[in-house]
Amino acid sequence: MAGMTGMTGRRVRRARERPAAWLFVLPAAAYLLLFLGYPLVQNLVMSLRRYDATGFATGDAPFTGLRNHAAVLSSTLFSEAAVNTALFTVGSVLGQFTIGLALALFFQRRFPLAGPLRALLLLPWLLPLVVSGAIWRWMLDPDTGPVNALLRGLHLTSSGVPWLTGPTEALVSVIVVNIWVGVPFTTALLYGGLQDIPPHLYEAARLDGAGPVQILRHLTWPLLRPVARVVVLLGVVYTVKTADLILVLTGGGPAGATQTLATRAYELSFQRYEFGYGAVLGNVLIAVSTLFALLHLRRLRAGGGRAVTA
């Protein structure tokens, strides 16, 4: 009888606490609906209408169904931009993760000025992308840039490398610059993950005779893998939508060599004022980011409850 009374009391308390809980949830839900849900719905609606400069001024945007999607997705410019986006994303994320992991392992050691050096490493990430792009555009200028001046001084080239004007060189250049921008963020996340690994595991591994490579392969990497997945996911999501850095460096050129889905969406929407077509590419970028997020959540749920052992 006493147990039933206690259960009834708990139910009453939960019923009383439920309205208070909703009061805490409602502001966050309202924020998400207003600043995330509404723009997503509007972007979807815009992609289904002939929304151009005239329609933007008059409000007259006839419904076209999936014709905007068919026109954009069947274009050769879309396939070229999709390939460039894939190359840009894979190259950037791979470079950021590799260099970031190496720096995180390096800063895990104790040495003088480690703290100030870690702080200085964050500067590229703290700079606005427009500023970073402008600085690198000056540095990589084929005629007056200091990079080509250094190469000429070392007699490695006589005419200079067309970093931003050659089709292959331009794509490589924007990837390198984006790696430079993203390495500090990747390093900070991976360094934080390394700090969560108990030091006594390293001591036990060294006592067992494990070398640096074995420790990295069988101890550090298995325990760092969950953080690494998050780093890769964030890197993909941030890189896929990168447009401002490319626009400042090359403007999507030369001849579309650095045109990505994000820069193409910007061009269609804000240069050609074909907002319906630009919204279609926006939906594609949203779908790609959502797909990677869902894959990450699936892996996270599949690995939930499994103990990670070294």
Side-chain angles (χ1 to χ4, degrees), residues 85-137 139-140 147 171-199 201-202 205-206 210-246 248-249 260 262 289 292-293 295-296 299-300 303 308 310:
T85 302
L87 294 174
F88 178 70
T89 302
V90 173
S92 297
V93 174
L94 184 61
Q96 290 170 2
F97 187 86
T98 303
I99 299 175
L101 179 60
L103 289 174
L105 292 171
F106 172 75
F107 283 115
Q108 194 180 18
R109 301 179 178 180
R110 297 180 180 273
F111 60 91
L113 300 179
L117 287 177
R118 287 199 304 270
L120 289 175
L121 185 66
L122 290 174
L123 286 179
W125 183 63
L126 296 175
L127 287 175
L129 288 180
V130 174
V131 175
S132 299
I135 293 173
W136 276 99
R137 184 173 182 175
M139 291 179 61
L140 297 176
V147 174
L171 183 59
V172 173
S173 296
V174 295
I175 291 174
V176 170
V177 174
N178 195 56
I179 291 174
W180 178 82
V181 171
V183 160
F185 180 70
T186 303
T187 303
L189 292 181
L190 293 175
Y191 179 79
L194 289 174
Q195 300 310 299
D196 289 336
I197 300 177
L201 295 180
Y202 289 108
R206 294 189 186 97
V213 176
Q214 292 175 314
I215 292 177
L216 175 63
R217 180 180 177 183
H218 299 289
L219 175 60
T220 303
W221 178 247
L223 296 176
L224 191 64
R225 191 177 298 154
V227 177
R229 289 174 183 166
V230 175
V231 170
V232 172
L233 171 65
L234 294 177
V236 170
V237 172
Y238 289 158
T239 306
V240 163
K241 67 180 183 62
T242 298
D244 39 7
L245 185 67
I246 300 175
V248 173
L249 284 170
T260 63
S289 300
F292 277 95
L295 290 175
H296 170 69
R299 291 290 300 272
L300 194 63
V308 182

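Bear in mind that the values here come from a model prediction, so they are computed numbers and not experimental data.
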State, with a plain yes or no, whether a side-chain heavy atom of L190 is found less than 4.5 Å away from one of F97. yes
Closest approach of S132 to P124 (non-hydrogen atoms, all atoms of both residues): OG-O, 4.0 Å
Taking side chain to side chain donor-acceptor pair (under 3.5 Å) as the test, write out the residues that go with T220, two or more places apart. Y202
Please round to the nearest 0.5 Å and tell me the distance separating atom CG of L127 and atom CG of L122. 11.0 Å
If you take all heavy atoms of S173 and L140, which pair is closest and at what distance? CB-CD1, 4.1 Å
Any side-chain heavy-atom pair from R206 and I215 closer than 4.5 angstrom? yes
Which distance, rounded to the nearest 0.5 Å, do you find between the OG of S289 and the OH of Y238? 11.0 Å
Interatomic distance, CG@L234 vs CZ@F185, rounded to 0.5 Å, equals 5.0 Å
Taking side chain as C-beta onward, heavy atoms only, is N178 less than 4.5 Å from Q96? yes
Looking only at non-hydrogen atoms, find the nearest pair between T260 and T242 and report the distance. OG1-O, 4.0 Å
For L189 against V227, the heavy-atom pair lying closest together: O-CG1, 3.7 Å
Show the atom names and distances, to 0.1 Å, of all donor-acceptor pairs under 3.5 Å that link a side chain in residues 101-109 to residues at least two apart or in another chain.
none

Distance from F88 atom CZ to T239 atom OG1, nearest 0.5 Å? 6.0 Å
Is the CH2 atom of W180 crowded by more than 12 outside heavy atoms at less than 6.0 Å? yes
Separation between CG (L219) and CD1 (I197), nearest 0.5 Å, reads 6.0 Å
Less than 4.5 Å apart, side chain to side chain, heavy atoms only: is that true for I175 and S92? yes
Return the set of residues passing side chain to side chain donor-acceptor pair (under 3.5 Å) with R118 (not counting sequence neighbours), or none when no residue passes. Y191
Return yes when atom CZ of R217 has more than 12 non-hydrogen atoms of other residues, nucleotides or ligands closer than 6.0 Å, and no otherwise. no
Measure the spacing between CG of L94 and CD1 of I179 and express it to the nearest 0.5 Å. 7.5 Å
